[in-house]
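The structure's right below; bear with me while I get my questions together.
Remember, it's 1-based here, ligands and their atoms both numbered in the order they're listed.
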Amino acid sequence: MQFVDLKTQYQKIKKDIQSRVETVLEHGQFILGPEVNELERLLAEYCGAKHAIACSSGTDAIILALLAKSIGSGDAVLTSPFTFFATAEAVLRVGATPVFVDIARQSWNLDPDKLESTIKKIEKEGKLKPKAVMPVNLFGLPAEYEKINAVAAKYHLTVIEDAAQSFGAEYKGRRSGTLSDMAATSFFPAKPLGGYGDGGAVFCKSDADAEILKSLRMHGCGAHRYDHIRVGMNGRLDTLQAAILIEKLKIFPQEMQARTGIAALYNDALAKKVRVPIVPFHMKSAWAQYSIECDHRDKLVDHLREAKIPVMIYYPMPLHLQPALKSLGYKLGDFPVAEASAKHILSLPVHPYLKQTEIEAIIKAVLDF
Ligand SMILES: *Cc1c(COP(=O)(O)O)cnc(C)c1O
């Protein structure tokens with residue numbers, strides 16, 4: 001059994017992938033070839049976004065979004081401490097400062113009720129200027145955007161979705177990528193829509209932002225290739241990755257459905273014994289991960305690994321306690337919900353190619369424990 005099964009997926013779409021890759025190898029436009037444009041159009045259409053700008057990774061997508069909004073030195077970006085390191089890393093990379101807001105216990109996402117008090121605290125201290133909120137749609141579940149956007153509007157903050165795990169998710173009938181001012185997603189192989197290497201995309205509403213993002217991902221170019229009107233980066237998506245992602249996007253809706261079905265089976269079977277993920281009525285999760293919480297997490301992990309069931313811990317250490325972020329000045333106890341979740345959480349396989357027998361074995365192993 002595998003935690004994520006990319007081999008079975010490849011066998012299913014092998015011919016189409018190979019023929020797409022072949023086309024790129026033949027035409028030879030490896031950088032910003034026609035497949036990149038085609039993918040961008042398909043991504044925007046799928047999400048209902050005005051623009052999608054493909055780029056080199058999810059981390060670079062966040063960096064590009066921050067740069068496009070001129071967020072940098074002296075600016076505070078409010079975000080969750082319970083996420084992958086890249087969320088805070090990207091903020092620091094552009095010279096800004098991540099300011100953490102604890103998560104809500106049920107969703108593992110930024111707690112909208114703690115947002116305003118944190119903004120007020122930053123303003124009172126006077127060292128940083130609150131500039132943006134970056135909620136993370138952890139495990140594929142959207143954060144509470146209506147509340148977050150309302151608080152952000154009150155303080156004139158930009159909202160950028162870290163949608164690295166939530167491509168395909170929905171909030172009140174709208175897809176992740178369109179839930180705030182901008183969104184950054186990732187095509188890392190293990191994400192809901194994954195390529196065969198690194199990749200990402202930024203979604204935005206305004207034509208002006210789209211122009212800036214395209215310029216930023218290509219060394220800040222202007223009208224001509226060797227005309228540089230801002231300092232950008234090399235943040236492009238390879239044409240080969242775009243070609244692969246175009247084919248993967250075709251089977252994405254079926255895969256979403258399969259993951260949703262598996263999560264429902266887990267919820268039904270496990271809800272009485274462990275804390276299972278609850279998706280509010282107004283949301284749909286992309287089920288990047290299926291995570292549960294239980295009191296004796298480490299013993300359950302040992303038990304499952306002994307039963308040959310692959311499990312992962314996302315995330316064993318919240319960001320405010322990471323050695324690399326020590327200079328931010330946080331300490332143990334600052335974000336009790338994130339800290340408790342890190343101790344109790346584990347993720348079960350939820351990839352779309354799990355067999356019925358495997359799902360049953362996973363459920364049985366958890367219940368046996
Ligand atoms: C994966 C991930 C990223 C980074 O994406 P990469 O494509 O690996 O650079 C950022 N934020 C979150 C929440 C992620 O899960």
inquiry  = Out of all atoms in ligand 1, which are within 4.0 Å of some heavy atom of Gly58? Include the element for each.
reply    =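 What qualifies from ligand 1 is 5 (O), 6 (P), 7 (O), 9 (O).
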query = In terms of hydrophobic clusters joined by side-chain contacts under 4.5 Å, are Met317 and Phe139 together?
reply =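 Met317 and Phe139: separate clusters.
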query = Does Gly333 offer a backbone N or O that forms a donor-acceptor pair with the side chain of Glu339 under 3.5 Å?
reply =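 Looks like yes, one N/O pair under 3.5 Å.
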key: Side-chain touch Val276/Tyr290, heavy atoms, less than 4.5 angstrom   =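 They are in contact (side-chain heavy atoms under 4.5 Å apart), so the answer is yes.
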message = Please identify which of these residues, Val24, Leu249, Ile17, meets the side-chain contact (heavy atoms from CB on, under 4.5 Å) condition with Ile244.
response =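 The side-chain contact (heavy atoms from CB on, under 4.5 Å) with Ile244 is passed solely by Ile17 among Val24, Leu249, Ile17.
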ask   = In this structure, which one of Asp181, Asp75, Asp209 forms a salt bridge (Lys or Arg N to Asp or Glu O under 4.0 Å) with Lys69?
value =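 Among Asp181, Asp75, Asp209, the one meeting salt bridge (Lys or Arg N to Asp or Glu O under 4.0 Å) with Lys69 is Asp209.
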ask   = Against heavy atoms of Ser186, which atoms of ligand 1 measure under 4.0 Å?
value =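 Under 4.0 Å from Ser186, ligand 1 has these atoms: 5 (O), 6 (P), 7 (O).
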task = Would you check the N or O atoms of Ile62, main chain and side chain alike, for any that come under 3.5 Å of an N or O of ligand 1?
result =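 No; every N/O pair is 3.5 Å or more apart.
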request  = Please identify which atoms of ligand 1 are closer than 4.0 Å to at least one heavy atom of Val136.
outcome  =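 Atoms satisfying the 4.0 Å criterion: 13 (C).
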inquiry  = Tell me the nearest of Leu138, Asp198, Thr83 to atom 13 (C) of ligand 1, using heavy-atom distances.
reply    =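 The nearest heavy atom belongs to Thr83.
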task = Can you pull out the closest protein heavy atom to atom 11 (N) of ligand 1? Residue, atom name and distance to 0.1 Å, please.
result =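 Protein heavy atom at minimum distance: Asp162 OD2, 2.8 Å.
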Atoms in ligand 1 flagged as close to Gln165, the criterion being non-hydrogen separation under 4.0 Å =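 This gives 13 (C), 14 (C), 15 (O) as the contact atoms.
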ask   = What residue and heavy atom of the protein are closest to atom 4 (C) of ligand 1, and at what distance?
value =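 Looking only at protein heavy atoms, the one closest to atom 4 (C) of ligand 1 is Thr59 OG1, 3.5 Å.
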message = So that I know where these two stand, are Phe82 and Phe100 an aromatic pair - ring centroids less than 6.0 Å apart?
response =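 No, too far apart.
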request  = Decide whether an N or O pair under 3.5 Å exists between Lys191 and ligand 1.
outcome  =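 N/O-N/O distance under 3.5 Å: yes.
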inquiry  = Within the structure provided, determine whether Ile292 and Ile345 are in side-chain contact (heavy-atom separation under 4.5 Å).
reply    =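 Heavy-atom side-chain distance check fails, nothing below 4.5 Å.
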